[in-house]
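This report concerns only the one structure given below.
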Number of protein chains: 2
Amino acid sequence: MNGPHGVGQGEADSRHRSDTRARIQQVAVELFTEHGYDGTSLREIAERIDVTKAALYYHFKSKEDIVASLVQDYADQMDSLIAWGREQPRTAQTRREVLSRYVDIVAKGDQVFRMLHQNQASANMLGSMKRRGDLFKERIEFLIDLLTEPDAGLPERVRAAMAIGGISVGWMLFASRADRSELVNAVTEIAGEIAELPCPRAAR
Amino acid sequence: MNGPHGVGQGEADSRHRSDTRARIQQVAVELFTEHGYDGTSLREIAERIDVTKAALYYHFKSKEDIVASLVQDYADQMDSLIAWGREQPRTAQTRREVLSRYVDIVAKGDQVFRMLHQNQASANMLGSMKRRGDLFKERIEFLIDLLTEPDAGLPERVRAAMAIGGISVGWMLFASRADRSELVNAVTEIAGEIAELPCPRAAR
DNA sequence: GTCTATAGACGGATAGAC
DNA sequence: GTCTATCCGTCTATAGAC
């Protein structure tokens, strides 16, 4: 399990590895987001960083391996959040904290997050990872569980889903234009309000 | 401009056309949603309905033309909604009505809506249509404009975005499992609350 | 670590018979 | 309207020199 390949390798053991690997990842994220996973060839990636296709295969054992290396960290953070949330009491404070931490993950993983959102249907992307649970949908369902009572009805669950979905869309639409911390605050605040429904209005 | 091709042809002039065209559309939507646009070959579509690739080319002049025929109706409805909204006074009632109509479009266009959401980054899909405005992002921005005052700040715009985004995600997650009209009501109701923020809580 | 060269497969699209 | 047969392009991935 040594050698240049291997998904789990963070920047930790960077004794003196060239930065080519990191440059591949950076360019890959950008192109996968812009043109889609299937719409991006290894040739394109290689050309952008001025190496050849074959060089990519020294650093990653396949195209899918490139994306896996990108997504691993994001998935781990989601799993940590879910695990943490399950150990907390089901209070309003916990729910706010879950949403806040989720926004942080989204904000921190920004580029990868956008890439995933834009490539949800790419069956080729993450074909192997998908078997361990749909990276997106399944984990979002778990978040919904954290935000609702076990016996919650449809409206409550829909409300939780909309809080989480709102975070995604809010971020995607404004991340490139607004001040980051300002956006984090606004999104977190509003998501919290959506989830809690402060006053159960008499409407309808 | 006659012959079998031509995007604009609804079911209106169906004197006695075979249903092959419609079956192609149906299968295409399903496969594009599941495996992505690039991940679906014309061979797959043809096999599913038990014709050959060449037959597809009798009904549609290209792969992209298939998807265009599907999306046209959805785009038109969005444009109608936006045009209608721009003529209305900027009242809370109008905003609720905009959201309600948007939910109806999503609910009615269900399958196409899902397909579009799952293939946002497929550059090949709708390459021609994109030039007339990004089908998704741009139109959602217009909806946000309808839901906010012209001088609205970031939080207000983010709030509107989250209401609309919440509709998408709420629908995507529950459409296959919940009762349709029940879901329409729940989503519409909650989106309205998000957009209006009934009581400006002193929280935080 | 990076290169050249190429294998091997599959994609969209077209021509022309029936 | 549907078929068979085929063209041509591009893709991932590998082999082996340097």
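We use all heavy atoms of the structure for the numbers below, so side chains are in, but hydrogens, waters and symmetry mates are not.
Close to C/dG1, at under 4.0 Å from its OP1 or OP2, lies a side-chain N or O of A/Tyr58. A sub-4.0 Å separation between OP1 or OP2 of D/dG1 and a side-chain N or O of B/Thr20 is absent. Dashed line: the shortest gap from a side-chain N or O of B/Arg43 to OP1 or OP2 of C/dG11 is under 4.0 Å. The side chain of A/Ser41 contributes an N or O atom lying less than 4.0 Å from OP1 or OP2 of D/dC11.
For the pair A/Ile49 CD1 and C/dG1 P, the interatomic distance rounds to 14 Å; values are reported in whole Å. Between the P atom of C/dA15 and the NZ atom of B/Lys53 lies a distance of 15 Å, rounded to the nearest Å. Residue B/His59 contributes atom NE2, which lies 9 Å from atom P of D/dC3 at whole-angstrom precision. Distance B/Glu64 CD to C/dA13 C1': 14 Å, rounded to the nearest Å. Distance, B/Tyr57 OH to C/dA13 P: 3 Å, rounded to whole Å. The interatomic distance linking A/Glu47 (CD) with D/dT10 (C1') rounds to 13 Å, in whole Å. In this structure, the CZ atom of A/Phe60 is 18 Å from the C1' atom of D/dT14, given to the nearest Å. Put simply, NZ on A/Lys61 is 14 Å from C1' on D/dT12, counting in whole angstrom units.
Between B/Asp79 and B/Arg139 a salt bridge is recorded (basic side-chain N to carboxylate O distance below 4.0 Å). For the pair A/Arg159 and A/Glu149, the salt-bridge criterion is not met [side-chain N within less than 4.0 Å of a carboxylate O]. With respect to the salt-bridge test (charged N to carboxylate O, under 4.0 angstrom), the residues A/Glu47 and A/Arg43 qualify. The pair A/Arg101-A/Glu97 meets the salt-bridge criterion, with a side-chain N (NZ, NE, NH1 or NH2) lying under 4.0 Å from an Asp/Glu carboxylate O.
Across all strands, B/Thr52 comes closer than 4.0 Å to base atoms (heavy-atom distances).
In this structure, A/Leu42 and A/Ala54 both approach DNA chain D, and ranking their closest nucleotides by distance from the 5' end singles out A/Leu42.
When all heavy atoms of B/Leu42 and B/Leu56 are compared, the pair lying nearest together is O-CD1, 3.5 Å.
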